[in-house]
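Since the structure comes first, as structure tokens, the remarks are kept for the end.
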Amino acid sequence: MARSQPDLLLLHAPSVYDFRKKSIFYGPVSDLIPSSTVFEMYPAGFLTMVAYLHAKGMRVRVANLAVRMMKDRHFSVPDFIRKQKPKAVGIDLHWLPHAHGALEVAKIVKEIHPDVPVIFGGLSSTYFHQELIQYKQVDYILRGDSTEGPLYQLLTALGDGGSLDSIPNLTHKRGGLPHVNPLTFLPSSLDFADIRTDLMVEMVLRHRDLASVVPFNGWLKNPITALFTVKGCAHECATCGSSHTTCGHLTMRTEPVFRSPENLVRNAVALSKFSRGPIFLVGDLLQAGTDHAEAVLDCLKHEDIENQIVFEFFDVPPVEFLRKIDRCTRHWSIELSPESHDHDVRRAQDGEPAYDNQQMEDVLREALHLRCTRIDVFYMIGLPRQTYQSVMETIDYCERLFQMSDRRLSCFISPMGPFLDPGSRVFEEPEKFGFRQFARTLEEHRRLLVEPSWERILSYETQWMTRAQLVDATYDAGERLNELKLAYGRISKKRAATVAERIRSARELRARLAKQEIANGELEGEIDKFSISTVCDKRELFWHSHLINFRIGGILRTAMRYYFGGRRENHL
Ligand code: B12
Ligand code: SF4
């Protein structure tokens with residue numbers, strides 16, 4: 001059988017390309033997300049792009065280079081890329097912490113395959129497109145929060161030599177100079193592209209390569225999946241790179257758009273056919289109005305999905321809505337991010353808070369009376385007007401939450417970092433919000449990423465906390481919260497001891513770095529020890545997993561279709 005070239009190879013780079021050789025103390029900047037300091041998770045948009053292009057008859061391969069590099073110290077990116085013969089390569093620079101890795105990977109692709117077009121996309125690519133297009137290794141940038149249609153048009157034009165001028169959202173080079181097409185592809189619904197888990201399973205079978213497709217290291221043990229309910233946002237969080245104001249100028253999205261209830265639940269059902277893990281509905285359903293949110297619940301009730309459904313709320317939900325969730329789902333959890341307990345801090349972040357601590361407590365108490373499996377409350381360090389004292393008082397407030405509730409409720413705190421979100425209100429008007437920036441351009445951020453410690457990687461400090469104080473506040477708050485979690489039975493003695501030990505080692509390392517006592521290469525391969533599970537144990541983020549996390553039936557059905565449905569091609 002002849003080898004057919006993929007139309008597109010989608011690559012996800014690690015944050016810092018050569019992280020395996022570097023001795024960087026990244027700090028706990030990724031403790032509250034499933035991925036590590038390598039930021040190995042690829043954008044969920046990879047899945048919608050794969051599905052959209054597949055529907056148009058194109059073939060796409062996803063390669064999570066970051067996970068491959070983490071899992072195998074000898075995995076060589078150049079060797080892997082040399083073996084690929086794609087018609088085009090796509091690289092995400094969605095999150096700014098990939099500024100180093102994404103550009104390095106693009107450089108390698110260009111060196112090995114000089115004639116293969118390299119396409120960038122994602123929010124950071126969108127913000128920095130004028131600067132990014134000037135890198136030799138970048139040929140095209142697709143801007144905006146939705147690029148499926150323009151990507152298809154671009155790949156088609158590259159194949160048949162068609163004109164690039166009519167391709168929306170495209171930044172390209174013409175005669176060596178940047179050329180910016182208008183950002184007009186702005187779909188008013190998200191229903192046009194599904195998450196097709198079956199296509200990812202087929203990809204694994206086709207290339208006999210599971211590690212390239214997993215979203216983050218450890219996913220097979222904790223197969224949490226995310227379903228995007230919305231793009232854009234009605235809120236104005238000053239530090240967010242996707243707030244109402246930010247979207248208005250960055251992605252041109254002036255109002256949020258949603259997945260319809262039917263489409264959303266159809267996608268949830270499709271996910272549940274493959275995985276028994278929790279399905280996280282990203283975005284507050286109530287943002288689209290009560291009727292919309294209740295329609296989602298009605299559809300969920302009808303489908304009776306067995307998986308845990310995780311609801312995110314931007315404001316505290318009405319108790320009646322929680323009762324309806326309880327009636328409509330088998331297992332459910334909620335996530336809430338007040339970010340601070342402190343009214344003044346919250347006001348500086350997002351205007352007059354829509355709820356106060358008392359209102360939050362009342363609603364959480366109601367949720368605990370229902371069958372809610374778990375409530376996670378998230379706090380942040382590095383906000384406008386937030387002092388060291390205020391951070392420590394947030395931890396005192398967590399104790400109050402622990403006292404009023406049972407073990408289903410837990411609290412988390414982490415530093416905002418490593419970077420300010422580009423395009424956020426604090427990024428655009430730092431002085432107004434009391435921020436001082438250490439990087440503005442893409443290149444400045446790229447350079448910060450290879451500084452030796454997170455205290456120097458942080459791209460900002462505030463009028464209320466210097467970088468050193470932000471680090472102090474993080475470890476002090478992490479330590480105290482860890483003690484409280486132990487005292488109130490949220491974590492075991494063993495887990496608490498591990499976190500305490502990690503904080504102690506991280507502090508010691510910080511002191512040695514300050515005195516320049518670290519020999520060259522001493523930290524190589526030791527990054528995890530000081531930067532992962534420091535402010536909390538990462539396992540606290542995950543739900544109880546099953547003996548068998550995946551649904552063998554769903555996977556087998558896809559495999560049968562793949563092997564016997566005449567779609568098999570040789571793997572590259
Ligand atoms: C859900 C979410 C997450 C999830 C990840 C989900 C995922 N795998 O995508 C979690 C919680 C894990 C997460 C983590 C982080 N996040 Co986040 N996240 C979000 C959130 C709330 C929604 C993202 C979303 O809806 N995407 C929609 C999906 C379907 O589309 P998409 O993935 O964006 O892809 C489309 C386009 O971006 C583009 N595109 C993307 N990549 C590429 C590549 C190519 C080649 C092309 C052509 C196009 C393209 O086309 C896609 C299809 O249309 C946004 C805020 C918001 N409301 O937007 C923040 C946001 C994106 N996250 C942000 C940040 C900072 C982070 C972290 C760095 C935080 C941290 N320090 O831990 C980490 C990075 C994690 C990693 N890579 O390992 C910032 C990004 C700012 C910036 N420009 O850097 C945002 C804007 C706001 C915020 N502060 O949270 N995040
Ligand atoms: S952080 Fe605030 S502005 Fe950003 S997506 Fe969440 S609610 Fe919206």
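Atoms within a ligand are numbered from 1 in the order they appear, just like the ligands themselves.
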Side chain or backbone of Y42 under 4.0 Å from ligand 1, or both, or neither, by non-hydrogen atoms?
backbone

Which residue owns the protein heavy atom closest to atom 89 (N) of ligand 1, what's the atom, and how far is it?
D421 OD2, 2.7 Å

Could you say whether the N/O atoms of S30 and ligand 1 ever approach to under 3.5 Å?
no

Hits for ring pair (Phe, Tyr, Trp, His ring centres under 6.0 Å) against H113, two or more places apart or cross-chain, chain-then-number order -> none

Mode of K231 contact toward ligand 1 - side chain, backbone, both, neither (heavy atoms, under 4.0 Å):
side chain

Atom 71 (N) of ligand 1: closest protein heavy atom, distance to 0.1 Å, is G417 O, 2.8 Å

Geometry only, no angles: is P34 polar-contacting ligand 1 at N/O separations under 3.5 Å?
no

Nearest non-hydrogen partners of V471 and W454, listed with the distance
CG1-CZ2, 3.7 Å

Could you see which bit of A193 sits under 4.0 Å from ligand 1, with heavy atoms only: side chain, backbone, both or neither?
neither

Tell me whether D92 has any N or O atom under 3.5 angstrom from an N or O of ligand 1.
no

Suppose the cut-off is 2.8 Å; how many protein N/O/S atoms fall inside it around atom 8 (Fe) of ligand 2?
1

Is the distance between the ring centroids of H235 and F314 under 6.0 Å?
yes

Carboxylate-amine/guanidinium proximity below 4.0 Å for R346 and D344:
no

Any nitrogen or oxygen of G45, side chain or backbone, less than 3.5 Å from one on ligand 1?
yes

Classify the contact between T147 and ligand 1 as side chain, backbone, both or neither, using a heavy-atom distance cut-off of under 4.0 Å.
both

Part of D145 within contact of ligand 1 (heavy atoms, under 4.0 Å)
backbone

Assess the pair Y127 and F427: is the distance between their ring centroids shorter than 6.0 Å?
yes

Applying a heavy-atom cut-off of 4.0 Å, say which part of S35 lies close to ligand 1: side chain, backbone, both or neither.
side chain

Select the closest option to atom 25 (O) of ligand 1 among F39, F120, F228, judged by heavy-atom distance.
F228

Atom 53 (O) of ligand 1: of M416, E312, E148, the nearest heavy atom sits on E148

